[in-house]
Amino acid sequence: MVYLCNLIANMNLYLVSLSLIGGVLITGGIVLLFTDLISAKKRYINAFAAAIVTALIFVHILPEIYEVKSVGIGFTLMAGMIFQLFLEKITHGVEHGHDHAHSKGHKSILIGLFIGLGIHALVEGIPLFLGEVEGIEEVANQHQHHHHHHDHGHDHGDGASTNSKWKYISAIIVHNIPLTVIISLFLFSLEISKIRFFLFIFLFSIMTPIGASLGFAFSESSNLHIYGNYFMAFSTGMLLHIITSILFEHSHSKRESNLHLIIITAGIIVGTLLFNF
């Protein structure tokens, strides 16, 4: 049974890693092909994707994180938001659309951007599979228990954590789309070669899977899996800071402000419907 659980968990890890890497590379390729069009609409693309992630976080992820009845969850969420503020001192806010393309010496931002985004993506990945083996084994044991004692008439309700992780994975994949758009446009502003562009994008794409692999390894070799909700809360706090920065940044033009509001509302509705039906 333990071998089977490890096999299933490894398959999930590979599948999610391919989805994360593929999503970033495909988005980067699309931006490369339609740079001018996407550059003109990036604010709306960012707002729509951020609104979808907002719906996922408030409707699914936060309620399930707070199943741990502890004030520590709230403090961990705030710690994640503050940690992201520190990371933005390194990245100069490029990840939520701050444009440094016209400033002199902007190439020096590239190193900080790589370090800051690398840490951000790595931390985001750790909760993805933290405790995955234990979770699958527990579900399997429950199934056996139910098979032999089907007349007990009770439900352990232990699937919430696994469900929240898959919702969290969806949030990361969607979140990476506008993030990749912003990074790609910034890299194009530096007039780097296509080879260097895809190298940077690829390195960014593998950081979250590396974090997921670390979380998977931690769950096998230590008792850190019992803190899975806290790791997810910390990472969700980081996400909350970025998406709120995107949602609350809009033009002073009345027309664009109204359009911004419509796009955010549409994104929240789409996100709510998409992950509930």
side-chain contact (heavy atoms from CB on, under 4.5 Å) partner of Leu239, the single match among Ile172, Leu56, Ile61:
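That would be Ile172.
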Centres of the His241 and His120 rings: under 6.0 Å?
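Not close enough - the centres of the two rings lie 6.0 Å or further apart.
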Backbone N/O of [Y] and side chain of [X]: donor-acceptor pair under 3.5 Å:
X: Thr208; Y: Ala121; answer: yes
X: Thr35; Y: Leu32; answer: yes
X: Ser189; Y: Phe186; answer: yes

Heavy-atom pair of closest approach, residues [X] and [Y]:
X: Gly112; Y: Thr91; result: O-CG2, 3.8 Å
X: Ala47; Y: Ile264; result: CB-CG1, 4.2 Å
X: Ile268; Y: Ala55; result: O-CB, 3.6 Å
X: Ile52; Y: Gly267; result: CG1-O, 3.4 Å

Neighbour count above 12 (heavy atom, 6.0 Å) for Ile195 CD1
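Counting neighbours around CD1 of Ile195, 12 or fewer heavy atoms of other residues, nucleotides or ligands fall under 6.0 Å, so no.
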For Phe234, enumerate each residue passing the ring-ring contact (aromatic ring centres under 6.0 Å, His included) test, keeping only those at least two apart in sequence or located in another chain.
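Result, ring-ring contact (aromatic ring centres under 6.0 Å, His included) vs Phe234: Phe83.
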For the residue pair Ile183 and Phe200, establish whether any side-chain heavy-atom pair is separated by less than 4.5 Å.
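Yes. Closest side-chain heavy atoms under 4.5 Å.
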Take His60 and Glu64 through the side-chain hydrogen bond (donor to acceptor under 3.5 Å, both in side chains) test and state the conclusion after the steps.
CA-CA 6 Å; His60 293 289; Glu64 294 189 28; 5.0 Å; no
Could I get the full list of side-chain hydrogen bond (donor to acceptor under 3.5 Å, both in side chains) partners for Thr236, not counting sequence neighbours?
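By the side-chain hydrogen bond (donor to acceptor under 3.5 Å, both in side chains) rule, Thr236 matches no residue at all.
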